[in-house]
Amino acid sequence: MTDEPEIIRTNSARVVCDGAGEIAPALGHPRVWLEIDERGYADCGYCDRRFVLVGSGADHAPGDISMHGEDALGR
């Protein structure tokens with residue numbers, strides 16, 4: 001397992017995480033809503049995901065992002 005969190009860049013300061021993605025939703029975790037604060041990111045307390053607000057001080061990724069829906073996971 002890696003020490004680095006999975007980074008999801010988003011344009012929304014409010015995101016939801018259920019641990020699903022490439023795995024079936026039933027294998028994820030309870031859905032939690034996260035608010036990105038002045039640090040520019042929010043970490044899910046259940047899984048290894050970090051949601052980074054595009055253009056914030058925590059946004060170090062160059063180039064385009066894959067656009068996410070209101071819940072930052074495209075659902």
Side-chain angles (χ1 to χ4, degrees):
M1 189 165 178
T2 179
D3 292 333
E4 295 294 317
E6 176 185 0
I7 304 293
I8 297 179
R9 296 175 72 217
T10 181
N11 289 313
S12 176
R14 186 167 186 217
V15 295
V16 66
C17 186
D18 63 7
E22 294 181 12
I23 63 170
L27 299 176
H29 60 68
R31 181 176 289 182
V32 292
W33 288 91
L34 306 167
E35 194 75 33
I36 296 175
D37 62 16
E38 64 276 351
R39 298 174 302 171
Y41 67 91
D43 292 327
C44 177
Y46 284 98
C47 66
D48 197 27
R49 283 199 177 137
R50 173 170 286 180
F51 295 88
V52 176
L53 188 62
V54 173
S56 70
D59 184 20
H60 304 295
D64 294 332
I65 67 167
S66 58
M67 296 305 293
H68 292 289
E70 286 285 321
D71 67 357
L73 293 177
R75 288 182 288 232

**Request:** Please answer: with hydrophobic residues joined when any side-chain heavy atoms are less than 4.5 Å apart, are F51 and L53 in the same cluster?
**Result:** yes
**Prompt:** Among the clusters formed by ILVMFWY side chains lying less than 4.5 Å apart, do V52 and I8 turn up in the same one?
**Reply:** no
**Request:** Using the test side chain to side chain contact (heavy atoms under 4.5 Å, CB included), find all partners of D37 that sit at least two apart in sequence or belong to another chain.
**Result:** R39
**Item:** Nearest non-hydrogen partners of C47 and G19, listed with the distance
**Value:** SG-CA, 4.3 Å
**Prompt:** Going by heavy atoms in the side chains, are I36 and T10 under 4.5 Å from each other?
**Reply:** yes
**Message:** Is there a path of hydrophobic side-chain contacts, each under 4.5 Å between heavy atoms of I/L/V/M/F/W/Y residues, joining L34 to Y46?
**Reply:** yes
**Message:** Within this structure, what is the CZ-CG distance for the pair R50 and D43, rounded to the nearest 0.5 Å?
**Reply:** 4.0 Å
**Prompt:** Can you name the side chain to side chain contact (heavy atoms under 4.5 Å, CB included) partners of E38, sequence neighbours left out?
**Reply:** none
**Asked** Considering only heavy atoms from C-beta outward, does the side chain of Y41 approach that of S56 to under 4.5 Å?
**Response** no
**Request:** Work out which heavy atom in A20 is nearest to a heavy atom in R49; give both atom names and the distance.
**Result:** O-NH2, 2.6 Å
